[in-house]
Protein chains: 2
Amino acid sequence: MGDLVSITTAEHDALARLEERERAVRRGATIQRENDRVGELFILKKGVMMSSMLLDDGSRQILRFLFPGDMMGLSSLAYREAPETLTALSDSVICPFERAALSEIVGAHPRLGALMMVYGQIERAALTDRLAALGRTSAKARVAAVLIDMRNRLRMIDKSITDTLVLGLTQEEIGDATGLTAVHVNRMLRQLEDDGLIAREHGRITFANERALIREANYVDRYQGLDLSWLPAAR
Amino acid sequence: MGDLVSITTAEHDALARLEERERAVRRGATIQRENDRVGELFILKKGVMMSSMLLDDGSRQILRFLFPGDMMGLSSLAYREAPETLTALSDSVICPFERAALSEIVGAHPRLGALMMVYGQIERAALTDRLAALGRTSAKARVAAVLIDMRNRLRMIDKSITDTLVLGLTQEEIGDATGLTAVHVNRMLRQLEDDGLIAREHGRITFANERALIREANYVDRYQGLDLSWLPAAR
DNA sequence: CGTCAAATTGAAAATTATCAACGAGAGTGG
DNA sequence: CCACTCTCGTTGATAATTTTCAATTTGACG
């Protein structure tokens, strides 16, 4: 949240209290399973995770990739049972906390409450972008969008990333995020490569023509264009 | 919100202040256009509306259908420019209000702030369900899901609706919501009819086999299974 | 070196889109 | 009251996209 607006010491301390406890999570481990009774909320401190849903026929839809600083399991605020599954894509560190801790913070620091609403709207915009992508864009565009999104969000943690990245996703995972089969993801990656938009060597992807890739993907960066001028003063 | 939890008089009055101004909107009219500078937020008081996005190639994705009681344009809380378009599907009445009004309410009534977060999570779950549907279910299932969802949400306003409803959507609109063409929506409706799951006569749809329809659609009602026991006491 | 998950490729099948035509019903102006 | 027009729904034929199935190949790692 500190990336959105500058935070006072008191606010910082309040947020830090959410991160008092830490828990390491291994790649592949699930910390919240769909339809299980919900428990804690989490902040992702280190690593990459994903939120997903499983359908009756066994297929999986990845809803969102999660990066350090993201809050996870907010559905506990509304539901008795979790609507989504949370799984680590890399070895990660999470900070579990209670719903009550959130209530307290928002009570004591109204501006942080407002920031959470902002955070919620950014997430919402990201979800609706993906909805539009799944509903109305080609397989190639959807794969391109995942690549760009991954790059941008990884860059928020590690500024050194520019046009080359290690995805850390299998083609099956890309397929589960884009609503495609792993086989077709493979073909789309090859097409993007043949078109000269990307280059690949061992799981490392280079953006050979970033502008064209962004155009191909219909990509909009939802961490841009924010307007936080209305936020209440810090207290 | 009063449907979620019982509301005190003070809370009720605070919310009523958001609905002081009213504005009638004609079917087809747009009250917020994508990429336009955002202005007010709205509560839908009467009628049915939709939120949608337009893609570069001119195709449209309907993100969500909106019913009385829904808040609209919350993206103004985060963005300078609107990420989605808001359009009336029937003659409607909306109540515009300012961001500041929301801040005040949340400041004065923490429990209403918490309820807004709950509301946000319900919306989120609805969006992720649709994401999974677009990514991983068949055309027939997606069309069935729209029918059931419409029925359930209309029933929240009008309890007399049980197994028959007037959709109020063209097949093109159903297509824009499900990521299909109008032609294919037509064929899927015919299939659902041939399968004996629904019956149709003039735009009126009857659920002939509700259980099978829900199974076909993979439908989960996100207004069920809420847990609001953690909410702070009213103040 | 052996093993196993992941990536790659080809061929065939299934799903969905596109194109084109026609019909039914609702308003509109003469 | 009668063309006329327009949107919406319907249907058939064909094309494009994506999946499925079945092999291989590659690379990482014990």
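Numbered from 1 within each chain, the chains take letters A, B, ... in sequence-line order.
One atom, CE of Met188(B), and another, P of dT11(D), lie 12 Å apart when rounded to the nearest Å. Distance CD (Glu172(B)) to P (dT10(D)): 14 Å, rounded to an integer number of Å. Atom C1' of nucleotide dG9(D) and atom CG of Leu167(B) are separated by 14 Å, given to the nearest angstrom. One atom, CD of Gln171(B), and another, C1' of dG9(D), lie 5 Å apart when rounded to the nearest Å. If you take CG of Leu192(B) and C1' of dT10(D), they are 16 Å apart, rounded to a whole angstrom. One atom, CG of Asp176(B), and another, P of dC8(D), lie 12 Å apart when rounded to the nearest Å. One interatomic measurement links the two molecules: CD1 of Ile205(B) to C1' of dG9(D), which rounds to 13 Å at whole-angstrom precision. Going from atom NE2 of His202(A) over to atom P of dC29(D) covers 13 Å, rounded to whole Å.
The side-chain heavy atoms of Asp149(B) and Asp129(B), taken from C-beta on, include no pair separated by under 4.5 Å. Contact annotation: the side chain of Met71(B) approaches that of Tyr119(B) to within less than 4.5 Å [non-hydrogen atoms, C-beta and beyond].
Screening Leu169(A), Leu189(A), Asn152(A) against Leu147(A) for a side-chain contact (heavy atoms from CB on, under 4.5 Å) leaves a single residue, Leu189(A). Residue Ile198(B) forms a side-chain contact (heavy atoms from CB on, under 4.5 Å) with just one option from Leu192(B), Thr206(B), Asn209(B), and that option is Leu192(B).
In DNA chain C, stems built from 3 or more consecutive Watson-Crick or G-U wobble pairs, each with both distances under 3.5 Å, span C:1-30 with D:1-30.
At dT10(D), one or more side-chain N or O atoms of Asn186(B) fall inside 4.0 Å of OP1 or OP2 (strictly under the cut-off).
Nucleotides of DNA chain C nearest to Val185(B) and Arg27(A) differ in position, and the one nearer the 5' end is that of Arg27(A).
Within the nucleic acid shown, Gly179(A) comes within 4.0 Å of sugar-phosphate atoms alone, with no base atom in reach, counting heavy atoms only. At a threshold of 4.0 angstrom between heavy atoms, the contacts of Thr170(B) are confined to the sugar-phosphate backbone, with no base atom among them. Within the nucleic acid shown, Leu189(A) has no heavy atom closer than 4.0 Å to any nucleic acid atom.
Checking side-chain atoms of Gln121(B) against main-chain N and O of Val118(B) turns up no donor-acceptor pair under 3.5 Å.
Within a 6.0 Å sphere centred on CD of Glu172(A), other residues, nucleotides and ligands contribute 12 heavy atoms or fewer. Within 6.0 Å of CZ on Arg155(B) lie more than 12 heavy atoms contributed by other residues, nucleotides or ligands.
When DNA chain C is scanned 5' to 3' for any atom under 4.0 Å from a heavy atom of chain B, the first and last hits are dT16(C) to dC19(C).
Taking a cutoff of 4.0 Å between a charged side-chain nitrogen and a carboxylate oxygen, Glu210(A) and Arg151(A) qualify as a salt bridge.
Judged by distance alone, with hydrogens and angles left aside, Arg187(B) brings no side-chain donor or acceptor close enough to the base of dG9(D) to form a pair under 3.5 Å.
Remark: Leu41(A) CG to Glu98(A) CD distance equals 8.0 Å, nearest 0.5 Å.
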